[in-house]
Amino acid sequence: QTLGQKIASRETRWKALGGESLNTELARATAEHDAANEELKRRCDLADEIALIAPPADLTVAREFLATIRDTLTTSESAETSTRQQATRLRERHETATAALTRHRDDTAAARQTLCDLESAIKARQEAHGDETQRTQAIIAARDAETQVAAKLDTTREVLAALSPDLLVADLERFSRSLTAQEARLRNAENTRLLARDRLTLDGSTDPEAELHHAEARHSATRDQFTSEQRRAKAIEILHQLFTSARESIDRALVQPLAGRISGYLQCLFGPDVAARVQLSDSGIEGLELVRPGDPAFSFTTLSGGAREQTAAAVRLALAEILAAGHNGCLPILFDDAFAYSDPDRIQSLQRMLDLAALRGLQIIVLTCTPADYAAFGAGEIRLTTA
């Protein structure tokens, strides 16, 4: 698809430069050039014929003949000047057409080379990922799984929307204020009870049975209130768990495209079987891991200095690719000697990763003090020198 888009772009540019009429203009210019040569030959032959005419018999005839010759010469010079100008214009048009044809041939050769490279890459991908039947089955299985997950996600969102998750925080604050107020009322009641007991003791009259009934009534009321508050607290806890689970599912659904893009860039560096996995926590993205089939996962902090530089560059490219969707699919990204800890062999793999980012629409700008390391990058080079 990328090659098709490039071919269409080149054809549009070729047509805009007048490529369709190039052969017609070249044929017309060639015909005009041949006609001018024939006219020049005819005039030269005519000049030779004039030179062979016998001399005039007297002065009057000679003067008339001289005037005729001068008129003929003037006409010939005017025709020659016009012919030279026309030949100059035709020569310039011919040179322009030749240069345009050369450029178009170079562009066609480059496009063919790109097509060969893409065909080789497709063949390598096919050899690495199995035949078309296996890939089709894997795609069908992935789409079925995606459909099921999407259905579960829609169901979860509907349940979550029905539970009004936006009101949970306000309910929690309200319940906390209510619990604080009830605790204060309980303390005030206890103080009142102690004061009443002291007053009753000082008065010399007590009614233990009435106090017992009163205490049992208050205990029953308090227990009912405690049961109600406990039931509310459990409901809030369940809602919080559902909200947390739904948020994790949404976070993973949003983070998965980022992990996929990072994996695509890391595969240019560490092989086609490496994958990136984003670690999530309650506060959001916590870290990044590199995973290979059959090997333990490597966290970002355990990588070497060069591997951390390369992995960080892959993350930057993936984020820039996601952000580029809001900027017409193109976004510049600058690397200022960002691979100081990478050896020359790894820099060649890094160029493959940067070229993949450029093919995906990003504008890659690399500032380096060692331009020889990027000689095979295939990008435009601008050298900055100091006076």
Side-chain angles (χ1 to χ4, degrees), residues 1-6 9 118 121 125 129 138-139 142-143 145-150 152-154 156-157 160 244-292 297-301 303 306-339 342 346 349-367 377-379:
Q1 292 177 357
T2 304
L3 182 58
Q5 294 176 359
K6 287 186 176 180
S9 177
L118 291 176
R125 295 290 178 86
H129 298 285
I139 290 173
R143 287 178 177 173
E146 181 184 5
T147 303
Q148 296 176 2
V149 172
K152 292 181 180 179
L153 178 61
D154 294 336
T156 303
R157 287 177 176 174
L160 186 62
T244 302
S245 177
R247 188 183 64 182
E248 291 177 356
S249 300
I250 294 173
D251 289 342
R252 293 186 183 279
L254 295 177
V255 169
Q256 188 62 34
L258 175 61
R261 286 182 170 88
I262 296 174
S263 300
Y265 290 116
L266 292 179
Q267 288 172 2
C268 297
L269 299 173
F270 307 113
D273 55 347
V274 69
R277 184 170 59 192
V278 179
Q279 298 176 343
L280 297 176
S281 63
D282 293 337
S283 59
I285 298 177
E286 185 176 76
L288 181 68
E289 289 184 345
L290 270 66
V291 182
R292 290 181 182 270
F298 297 92
S299 64
F300 181 81
T301 56
L303 298 176
R308 283 200 297 268
E309 285 182 346
Q310 298 150 18
T311 304
V315 174
R316 289 181 60 192
L317 292 174
L319 291 174
E321 185 179 349
I322 293 175
L323 295 176
H327 298 81
N328 296 326
C330 182
L331 199 66
I333 181 169
L334 177 66
F335 293 94
D336 186 5
D337 269 341
F339 312 110
S342 300
R346 184 63 68 183
S349 300
L350 284 167
Q351 295 177 18
R352 182 185 302 168
M353 180 181 70
L354 297 177
D355 185 67
L356 176 61
L359 292 176
R360 290 182 176 179
L362 298 179
Q363 183 185 17
I364 307 301
I365 302 173
V366 180
L367 302 179
F377 190 23

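Here the structure is a predicted model, which means the values were calculated and not measured.
- Exactly one residue among Q310, E321, R352 makes a side-chain hydrogen bond (donor to acceptor under 3.5 Å, both in side chains) with Y265. That residue is E321.
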Going through the distances and angles, do L354 and L317 end up as a side-chain contact (heavy atoms from CB on, under 4.5 Å)? CA-CA 8 Å; L354 297 177; L317 292 174; 4.1 Å; yes
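- Taking each heavy atom of A320 and I333 in turn, the nearest pair found is CB-CD1, 4.3 Å.
- Atom CD of residue Q267 and atom CG of residue L356 lie 9.5 Å apart, to the nearest 0.5 angstrom.
- Within a 6.0 Å sphere centred on CG of N328, other residues, nucleotides and ligands contribute 12 heavy atoms or fewer.
- Listed for the S9 side chain is no donor-acceptor partner under 3.5 Å among the backbone atoms of Q5.
- Separation of atoms CZ (R360) and OG1 (T2) is listed at 10.0 Å; rounding is to 0.5 Å.
- A pairwise comparison of heavy atoms in A276 and L266 identifies CB-CD1, 3.9 Å as the closest pair.
- In this structure, CG in D336 is found 11.0 Å from CD1 in I365, a value given to the nearest 0.5 Å.
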Passes side-chain contact (heavy atoms from CB on, under 4.5 Å), M353 versus I364? Steps please. CA-CA 11 Å; M353 180 181 70; I364 307 301; over 6 Å; no
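- In terms of modelled atom types and a separation under 3.5 Å, the side chain of R316 and the main chain of L334 share a donor-acceptor contact.
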